[in-house]
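Quick notes on the structure that follows.
For ligands, and for the atoms within them, numbers begin at 1 and follow the listed sequence. Note: hydrogens, waters and symmetry copies are ignored here, and every other heavy atom, side chains too, is used. Keep in mind the model is a prediction, meaning the values are calculated, not measured.
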Amino acid sequence: MAADALDSSAAHPALGDSAFLRACRREAVPHTPVWYMRQAGRSLPEYLRIREGVPMLEACARPELIVEITLQPVRRYGVDAAIFFSDIMVPLRAIGVDLDIKPGVGPVIADPIRDAAGLDVLRELTPDDVSYVTEAVRGLVGELGGTPLIGFAGAPFTLASYLIEGGPSKNHDLTKALMYGRPDLWAALMERLTEITIAFLRVQVAAGASAVQLFDSWVGALAPEDYRASILPYSRRIFAALEPLGVPRIHFGVGTGELLGLMGEAGADVVGVDWRVPLDEAARRVGPGKALQGNLDPAVLYAPWETVERRARDVLARGRAADGHVFNLGHGVQPSTDPDVLKRLTDLVHETSAQ
Ligand code: CP3
């Protein structure tokens, strides 16, 4: 697996030297690299056109659609990295979990997991279960040339929240009830999800992804002591399993201000920060030896351009406190965002940070 990964990342001579990979490795960069979480998707008219009549999970299983949708924001914005078009629920669907992704709602699970018998559906993921992912990543790496492709997966807590609650949740009460009330069952669930996550990320790197991001989007719901006891061992195991593959590992969650130190301990190379903690303060909390990714509030993109510009310059200035900085939003692009503002922002980040 490791040899495969090295071979494919050597595919294009400019790749290893890209600003994005250099920043992740905390090396000097020609400009601050920038990409956006959810850069592909409903904010783009070309995405809405190509998705017409195709359900989300079907789109995620069709390599030609995956390739085209992943490339759309790269063409339009000139961002420094592509993110694989898929969803955190794709590996769970691939092993047979009965779920759907409902427009405007998100993932919905037919039979939520509430007891030990519910775990049976979470079998191991094999590369054959997601052959369309391998095919799409290979196709993308050819098309992208010197632009790195970021593979991704959902982290065990965030996946568990959907599996236990049955759908999106505000407070994750059932998830926490299981974590506090059934530690044995919680551990067994986390173990299985950890293995699935590792397997899904390995498939993407083996096929040529140059970096990976672990989305623990909802883990900010937990207090630090709960993160340390019930989540950190699994985050650590995931990052340790990926280390031999030699690609940068990014760790992101929302509302994680109080968890940044622990997330730094989990073993990623880059810690993603939402908009609530300024990057200079985040650098202090995460500690040395990590790059940071973030963290413009996605809602700032609705403000007049002067405000967008001022706030983006502030993110860049504070990002200099970190050992490496990848510019991004503090969470995903909202569907009603004007793509022209994102284009202008991308150019601003490149021009302002060019040395
Ligand atoms: O451009 C990219 O960032 C790559 C694609 C991507 C999607 N989902 C596509 C998608 C990525 C990285 C994800 C990850 C994901 N999925 C996360 C973690 C990131 C985060 O936002 O914190 C989570 C929590 C999910 C679960 C999920 N899937 C949600 C909450 C939703 C949105 C529901 C909605 O319709 O508002 C989805 C659906 C989804 N995933 C869409 C896209 C483009 C919208 C589906 C559509 O176009 O019909």
| request: Would you check the N or O atoms of His331, main chain and side chain alike, for any that come under 3.5 Å of an N or O of ligand 1? | output: yes
| query | Between His325 and Thr32, is any side-chain donor less than 3.5 angstrom from a side-chain acceptor? | reply | no
| Hey, is Tyr36 one of the residues with a heavy atom under 4.0 angstrom from ligand 1? | no
| message | To check your reading of the model: name the closest protein heavy atom to atom 23 (C) of ligand 1, its residue, and the distance in Å. | response | Ile88 CD1, 3.5 Å
| request: Mark the output for Gly104 as yes if a heavy-atom distance to ligand 1 is under 4.0 Å, and as no if none is. | output: yes
| said: Could you tell me if Ser336 and Tyr302 have a donor-acceptor pair between their side chains, going purely by distance under 3.5 Å? | reply: yes
| task | Report the part of Arg42 (side chain from C-beta onward, or backbone N, CA, C, O) that has a heavy atom under 4.0 Å from ligand 1; answer both or neither where that applies. | result | side chain
| Less than 3.5 Å between some nitrogen or oxygen of Asp87 and one of ligand 1, yes or no? | yes
| note | among protein heavy atoms, the one nearest atom 48 (O) of ligand 1 is Arg51 NH1, 3.3 Å
| Geometric N/O contact Val254 with ligand 1, under 3.5 angstrom | no
| task | May I ask you to check if ligand 1 and Tyr162 share an N or O to N or O distance below 3.5 Å? | result | no
| task | Looking only at distances, please establish whether an N/O atom of ligand 1 is found under 3.5 Å from an N/O atom of Met37. | result | no
| said: Does Arg76 have more than 12 heavy atoms from other residues, nucleotides or ligands lying within 6.0 Å of its CZ? | reply: yes
| query | Taking the inter-plane angle between the rings of Phe215 and Phe152 on a 0 to 90° scale, is it parallel (under 30°), tilted (30 to 60°) or perpendicular (over 60°)? | reply | perpendicular
Please tabulate, for the side chains in residues 284-293, all donor-acceptor contacts under 3.5 angstrom to protein atoms that are two or more places apart in sequence or on a different chain.
{"residue": "Arg284", "atom": "NE", "partner": "Glu281", "partner atom": "OE1", "Å": "3.1"}
{"residue": "Arg284", "atom": "NH2", "partner": "Glu281", "partner atom": "OE2", "Å": "2.8"}
{"residue": "Arg285", "atom": "NE", "partner": "Glu281", "partner atom": "OE2", "Å": "2.8"}
{"residue": "Arg285", "atom": "NH1", "partner": "Gly257", "partner atom": "O", "Å": "2.9"}
{"residue": "Arg285", "atom": "NH2", "partner": "Glu281", "partner atom": "OE2", "Å": "3.4"}
{"residue": "Lys290", "atom": "NZ", "partner": "Gly264", "partner atom": "O", "Å": "3.2"}
{"residue": "Lys290", "atom": "NZ", "partner": "Ala268", "partner atom": "O", "Å": "2.5"}
{"residue": "Gln293", "atom": "OE1", "partner": "Trp35", "partner atom": "NE1", "Å": "3.0"}
{"residue": "Gln293", "atom": "NE2", "partner": "Gln213", "partner atom": "OE1", "Å": "3.0"}

| Do Thr147 and Asp80 have side-chain heavy atoms sitting under 4.5 Å apart? | no
| message | Quiz question: by atom type and distance under 3.5 Å, do the side chains of Thr126 and Asp129 form a donor-acceptor pair? | response | yes
| query | Which residue and non-hydrogen atom of the protein lie closest to atom 11 (C) of ligand 1, and at what distance in Å? | reply | Phe152 CZ, 3.5 Å
| field | Val333 vs Arg42 side-chain heavy atoms within contact, under 4.5 Å | value | no
| By number and element, which atoms of ligand 1 are closer than 4.0 Å to a non-hydrogen atom of Phe84? | 4 (C)
| request: If you have a sec, work out which protein heavy atom is nearest atom 9 (C) of ligand 1 and how many Å separate them, to one decimal? | output: Ser86 O, 3.2 Å
| query | Which protein non-hydrogen atom lies closest to atom 43 (C) of ligand 1, naming both residue and atom, and how far is it? | reply | Tyr47 OH, 3.4 Å
| Taking only residues two or more places apart in sequence, or in another chain, which ones meet Ser86 in a side-chain hydrogen bond (donor to acceptor under 3.5 Å, both in side chains)? | none
| Shortest protein heavy-atom distance from atom 41 (C) of ligand 1, along with the residue and atom involved | Met56 CE, 3.9 Å
| Is any side-chain heavy atom of Met37 less than 4.5 Å from a side-chain heavy atom of Phe252? | yes
| query | Tell me, which protein residue and heavy-atom name are nearest atom 38 (C) of ligand 1, and how many Å apart are they? | reply | Ile101 CG2, 3.4 Å
| query | Once the angle between the rings of Tyr77 and Tyr36 is folded into 0 to 90°, is it parallel (under 30°), tilted (30 to 60°) or perpendicular (over 60°)? | reply | perpendicular
| The one among Gln72, Arg38, Met89 that brings a heavy atom closest to atom 15 (C) of ligand 1 | Arg38
| said: What protein heavy atom lies closest to atom 19 (C) of ligand 1? Include the residue and the distance to one decimal. | reply: Phe215 CD2, 3.4 Å
